Structure formats: structure tokens, C-alpha cells
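The model shown is predicted, which means the values in this text are computed figures rather than measured ones.
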There are 2 protein chains.
Amino acid sequence: MAAPLPTPDSPLPTRSPLPTPRTYAILGTGALGGFYGARLQQAGCEVHFLLHRDYNHVRERGLVIHSIDGDFALPQVHAYSTVNQMPACDVVIVSLKTIQNHLLPQLLPPVLKENGVVLVLQNGLGIETEIAEIVGADRVMGGLCFLCSNKTAPGEIHHLDYKQITLGDYAPDYAPCGMTERMRQIAADFERAGIPIEPAEDLFLARWKKLVWNIPFNGLSVVLNATTQQMMADEQIRQLAEQLMQEVVAGAKACVSHLGGEGDRQVPGAFIQTMLEYTVKMKPYRTSMKIDYDEKRPLEVEAIFGNPLRMVQQAGKELPRIQMLYQQLKFLDRQNMATDESIRTISGC
Amino acid sequence: MAAPLPTPDSPLPTRSPLPTPRTYAILGTGALGGFYGARLQQAGCEVHFLLHRDYNHVRERGLVIHSIDGDFALPQVHAYSTVNQMPACDVVIVSLKTIQNHLLPQLLPPVLKENGVVLVLQNGLGIETEIAEIVGADRVMGGLCFLCSNKTAPGEIHHLDYKQITLGDYAPDYAPCGMTERMRQIAADFERAGIPIEPAEDLFLARWKKLVWNIPFNGLSVVLNATTQQMMADEQIRQLAEQLMQEVVAGAKACVSHLGGEGDRQVPGAFIQTMLEYTVKMKPYRTSMKIDYDEKRPLEVEAIFGNPLRMVQQAGKELPRIQMLYQQLKFLDRQNMATDESIRTISGC
């Protein structure tokens, strides 16, 4: 997609290229952070892993990855239970669940080098802006992971399908950044580790495009207790999913317009049909939000639903179906958390 | 409320007064039809009960009512397993679940006297119009029951709370009918049986007013697996319930306008707050749709959601939240019915 030049009233922040070789910190060594961190270390990068519940196990035995690409083990990894013992790194990957992002003001400063960058590998919208307030707008990037993986035991990750990352740089108000040198540098590290990188010249649009899928299917899978296959087999829910997707596209358009963006910064109309057809063809899939719900973990409702809704509301537009899904999920999340206090403690990732 | 005169292009059908005394048929002797029928018989009316599953039991042992008003038994009732053995009656009460209304073209003609009337004691909208096509528009009336009762065993009904009926006469396109002689006659029978009757001069508006409560709370109780108390204790769901109620009020307004009705035929704005406050104050309540869902019975989605939505759509208006609730309920209903084929057979009421 074409990356319009930044508007004169929001100049891009200065961005230093990263040194070579680059060191990595993984904040949240779960199914996602553990997988990408292990692949980077396997490819020769220096990687430092922050863990919580699994700290002792991983410090003693390392990480084991069962993967469709081939299994491998890393008997020794740099494991930490606190950021204060970690070295400052060039790239700090945030792979926590977004419900733990209130910890970031404490977690990020000690592990981020002066000219380093925070790479947000989380779902949803608006996280880069929150992190920019902690570390400065010139030290944030975002990535969208298309990854099917589960943590099956402490230090043990099953990688089932997909792995690519859409990577984009960040500027205030999500102004499009085009390609930056540090995007190329990080892409090179990941591609050496066998992870395909799709560069996004417009991170905002890339995040909205992911919401086109995540909002209907993550949300409805929880409310309807259903897999993607069950939902797509139902005429009413196919229609509802499409209507929700249309609201996402309308929301993106309203926000871009509100931020003074160019008219060509929008999700193409054909994208909705592409996503619907893709969902029909994919294997029956329990969404990540449904897995969280079933495991009695808190849901990432604010990152995926609340933040986009508030941003669209500020742009003066209403998205009634997405708002209703948000209201339903907030209720179900609270009920789910209230039913068993003992599981309420949040795991390391 | 004021009953506007009928518009000249939809003259009211002629309506004969009913004879005295009046005979009653109860089509569907369950928690609702069984309760009202038993009270009418107790008060001296001749009542004929149609049963399905419970026919043998009730024919031999009659009906037992446990009630907050005092328990009573009717050891002998006129019980039938088929309409062909029933006498034609002056008032035929339809107290089946609406999902069985496809049976009405067979059930109604044999039990309805030439100058008799069908009284629809079902939830939702549009049923009177369907029945008018079977028996003629001059032989239909409607009632809305505010009744908490359960069938606890064959022939055994528990009456827990409330009992009043809002009663209105029917004309094509739901033109308001004001008070009619046969409304007074039927009200007299019910009031002799201790059932308070609120006459509705505008049945259409009365049905929409009941939907103001039924649409949010019946629908959301199933989707969210929640009681009225749990929903009203949640800020998001209180907001959503109010938004759904606003859509109901807007839907009623659009329909009245589309049918060429007078501007004063609308649900008063203050009604929404009244209903919300009433719901906060009521005992924790599992809605009738939730009970049906939990008992693996088919849901009355079309009568309560589908018919109003289609009517509003014909009036050129969209109700996105109600439509979304409809889509979700259709899915959940289908999944619920698919999980256990053996319970799919529909009971007598």
C-alpha cells in the first residue's frame, strides 16, 4: 500500500538505526514470546527471557519447541524473574497479554537501551501510544503476529501453524512511517530465524486490518461458545460477522479522517470478503480469546474492543454492534473471573 | 391511553358480542394455559383442555395448582388429546409456545364457534395477523400475560408470582380498537376468576411495550447465561439493556408511522426508565426464554425478535442491536437443539 508523506504538523520522530548485532529481551515467555525468542536464539541472536511462573523450570532446563517446522531444544537460555537483573537490550519485545500492560512502566525502562526500541507483539490498538508515553515515541514499533502456538507445559511450546509477523514503525497519532532502517534490521534478524516478515508502511492500518478478523471471531467465539467452523456454518453468524467487519472498516475510516490522514489510508472494501473466505477455508479454530476464556484467564477486551471503540467515539462515530459485543464480553469476562478466585492470579504470559 | 379513530381505509371488522355464559378451550395446557384454564373452571366456567404428553395423567387425575393465592385441585377436567373430539367454544385461548404455531391451521377451526373468538396469550408480535388469516380478522384478540408459573409435573402447576393480563382487540394492520363488548365480557370472566385484566385500547402498542422488557432480558439472559439480577448489577449490561429498549421504542414508532397511525400512538419515553427500575427491584429472575434454553426446548425467537425486526424493516428502519441479538439467539437455539436429538420432540406446551 502507498505510504503518504507525514503531514507537516506531525513530524516523524528521529529514529536511530540499531547496532549490529542486536540483543533481544522477551517480556513474557509464553506461547508467543517463547516461540519467537527461541527461534531468534537458535538463529544466533543474544536473547534474554523474562519469566514468572516458569522461571525456575526454564532457568534449569531451558526451552523446548515442538513445531511443524521441526522440533528443537535450547537447554540453556538467559532466564530472569525480574527486569532488574536483565541487561539493557536493543530490541525489547512485549509479548505479555495486554491485561498486564499496567506493569510496563516498571518493566520497560530497565531493559531498554538508550537507542533501543520496544517492539509490541500484542493484539489490539493503542498500545504503542501507551508505550510511547513511557519510553518516548521514537522508541516504539509494532508487530502483528499470525501464529498458532500453545504453551503445553513449563518451558514447552507447541507451534501448530503460521508464524509470520507484520512489522511497522510508530509515530505519534499513528502517522504512517513507511519503511525505516530499524524495520529492515529487525526483519533481517527474524528472517534469519525463519520467520517471514511483512513490512507495513502504515502500522495503524495494519492493526485495523487485523481487527477486521479479531473483532468478530474472537468476540463471537466467546459469546457463542463456538469455533470458527461452527460460526461460518451458520447463515446468521456469517451475516453478523460481515456486519461487524463492516463496522471495523468504517471505524478505521472515521479514525483516519479524524487524525487528518489521507483518503487512501483505508481498508480496501474487498478485504472483508477475503477474510470471510479465508475463515471458511481454515481448519476449525478455537480463537485465542476463547482459549483464554475457557482457561479462566482474563480477556484482552480493552485492547481489542475498548481502545478501538474509544478512538472511534472520539472521531464522532458509533459502532453499535461492536459496542454490544464489547458490553457482552465485559460481562462474561467479569462473571468468568468471579467464579473461581483461585485462578485469578495472572500467569507470566 | 387515547385510542385514535380507525383510519378510513382500514375499517374495523364487525365483531359480535359473545353469548353468556361463555365456553373456553385451552390450546396448550402448560404453566400458562393450565393456570388460567384452571382458574376459569374454578370460577364456574366450562373449560376444555387440549393436552399432548400429559393427556392420560390429566384425564385421570385432573389438575393441581400450587399458588401464592392458595392451592387448589380440579380432580375432573375436560381433557382432550385431539381437537376433533373437543366441542366448538366461544373463546379459544392459544397458550401453546409460538414455535408450535404452524399447527394452528389444523387446531383452530374445529374448536372455534361461528361467532367465537381466538384469544392469543403468547409473547411477541404478529401472531394475531397469522391467526386472522386462518379464522378471519373479526375473530382474533390478543392478551399479554404477566405471570410467573412453572409446570412441575404432569398436571401440576406452580404459580409463583403475578397473574394479570393486558387484553386487547384486534383489527387488520393492528389498528387500535378501543374497548369492545367482547373485551368486557372476557374481562368479566377472568376477573370473576381473580385474574386482574388491564384493557388495552391499542393492542399493537401493548405488544410493543411488552417487547421493551422481553427483547433485552429474554435475549441477553440466554446469550449471557445470566439472571435479571446479574445483568442489572453490571454497568455495561444495564447500558446495553437500555440501548436495546430504545431500539424497541424506535421500532414501534417506525411501524406505527409506516402503518399510517397517529403520532400519539407511541411508547412514552419515561417507560424505559420505569422498566429498568422495575427490573432492579424485582426478585432475581430466570427469564422464560432462559428456562426454555436450559430445558433444551426451542426458543421463541421468531415471535419475539424475528417478527418485530421484519415489521420494522418493512418500515424502512434498522435496529442493529436487536438484529444482532436475534442472530446470536438463532445460532444458540440451533446449537442447543442439535446437541441432544432425543429432547427435540416438543411437549404439549
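Pairs engaging residues 214-224 of chain B under the salt bridge (Lys or Arg N to Asp or Glu O under 4.0 Å) rule: none recorded [sequence neighbours left out]. A salt bridge (Lys or Arg N to Asp or Glu O under 4.0 Å) check over residues 215-230 of chain B, counting only residues at least two apart or in different chains, returns nothing. Applying the ring-ring contact (aromatic ring centres under 6.0 Å, His included) definition to pairs two or more places apart or across chains, none involves residues 221-242 of chain A.
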Enumerate the inter-chain donor-acceptor pairs under 3.5 Å for chain B and chain A, one line per pair.
unit_1: B/D234; atom_1: OD1; unit_2: A/R334; atom_2: NH2; d: 3.3
unit_1: B/D234; atom_1: OD2; unit_2: A/R334; atom_2: NE; d: 2.9
unit_1: B/D234; atom_1: OD2; unit_2: A/R334; atom_2: NH2; d: 3.0
unit_1: B/Q239; atom_1: OE1; unit_2: A/Q327; atom_2: NE2; d: 2.8
unit_1: B/Q243; atom_1: OE1; unit_2: A/Q327; atom_2: NE2; d: 3.0
unit_1: B/Q243; atom_1: NE2; unit_2: A/Q323; atom_2: OE1; d: 3.2
unit_1: B/E318; atom_1: OE2; unit_2: A/R321; atom_2: NH2; d: 2.8
unit_1: B/R321; atom_1: NH2; unit_2: A/E318; atom_2: OE2; d: 2.8
unit_1: B/R321; atom_1: NH2; unit_2: A/Q323; atom_2: OE1; d: 3.1
unit_1: B/Q323; atom_1: OE1; unit_2: A/Q243; atom_2: NE2; d: 3.2
unit_1: B/Q323; atom_1: OE1; unit_2: A/R321; atom_2: NH2; d: 3.1
unit_1: B/Q327; atom_1: NE2; unit_2: A/Q239; atom_2: OE1; d: 2.8
unit_1: B/Q327; atom_1: NE2; unit_2: A/Q243; atom_2: OE1; d: 3.0
unit_1: B/Q328; atom_1: OE1; unit_2: A/Q328; atom_2: NE2; d: 3.0
unit_1: B/Q328; atom_1: NE2; unit_2: A/Q328; atom_2: OE1; d: 3.0
unit_1: B/R334; atom_1: NE; unit_2: A/D234; atom_2: OD2; d: 2.9
unit_1: B/R334; atom_1: NH2; unit_2: A/D234; atom_2: OD1; d: 3.3
unit_1: B/R334; atom_1: NH2; unit_2: A/D234; atom_2: OD2; d: 3.0

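The candidate with the highest count of non-hydrogen atom pairs below 4.5 Å against chain B, out of A/L224, A/L220, A/I237, A/L325, is A/L224.
Within the 4.5 angstrom heavy-atom criterion, only side-chain atoms of A/L332, from C-beta onward, approach chain B.
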